[in-house]
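Sending over a structure as structure tokens; questions will come in a sec.
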Amino acid sequence: MNLISTIFLITSALSLLLALISFWLPQMSPDAEKLSPYECGFDPLGSARLPFSLRFFLVAILFLLFDLEIALLLPLPWGNQLPNPTYTFFWAAAILILLTLGLVYEWLQGGLEWAE
């Protein structure tokens with residue numbers, strides 16, 4: 001019980017210390033650069049009904065898809081220690097083949113071409 005309370009005390013104190021440092025350390029001097037929108041390209045005070053390019057959406061979806069691929073392949077090294085690791089490697093290869101075919105399809109359809 002002593003170890004658990006010590007760990008709880010250390011983590012609470014460290015969290016409180018980091019929160020206080022992050023509150024007091026940054027300088028509060030907003031200027032035009034800090035108040036401008038970050039990488040969105042839209043005027044924040046203008047109309048919210050501006051047309052949005054679907055290419056941005058496509059790039060975001062592809063990024064999430066390949067990020068999910070990495071998350072699905074993370075248990076692969078531990079699959080080597082299973083009694084029958086071929087199933088793990090089969091499913092990993094199936095995921096990679098499916099995602100590669102999807103990428104080739106997007107490439108051939110011209111979905112990855114940014115400039116026309």
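All values reported here derive from a predicted model rather than from experimental measurement. Here, residue 1 is the first one in the sequence, and each next residue gets the next number.
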Do any side-chain atoms of residues 9-23 form donor-acceptor pairs under 3.5 angstrom with protein atoms, and if so which ones, sequence neighbours left out?
unit_1, atom_1, unit_2, atom_2, d
Thr11, OG1, Ile7, O, 3.0
Thr11, OG1, Phe8, O, 3.0
Ser12, OG, Phe8, O, 2.8
Ser15, OG, Thr11, O, 2.8
Ser22, OG, Leu18, O, 3.3
Ser22, OG, Ala19, O, 2.9

In terms of hydrophobic clustering (I, L, V, M, F, W, Y; side-chain heavy atoms under 4.5 Å; direct or indirect links), are Leu82 and Phe89 co-clustered?
no
In the hydrophobic clustering (ILVMFWY, side-chain contacts below 4.5 Å, transitive), which residues join Leu108, or is it alone?
Val104
side-chain hydrogen bond (donor to acceptor under 3.5 Å, both in side chains) partners for Thr86, two or more places apart
Asn84
Under 4.5 Å between side-chain heavy atoms, chaining through other members, with only Ile, Leu, Val, Met, Phe, Trp and Tyr counted: pull out the rest of the cluster around Leu96, sorted by chain and number.
Leu73
If you link ILVMFWY side chains whenever their heavy atoms are less than 4.5 Å apart, which other residues fall into the same cluster as Phe90? By chain and number, please.
Trp91
Working to the nearest 0.5 Å, report the span between CD of Gln81 and OG1 of Thr88.
11.0 Å
Drop me the distance from Leu101's CG to Glu106's CD, to the nearest 0.5 angstrom.
12.5 Å
For Ile95, all residues meeting side chain to side chain contact (heavy atoms under 4.5 Å, CB included), sequence neighbours excluded
Leu72, Leu99
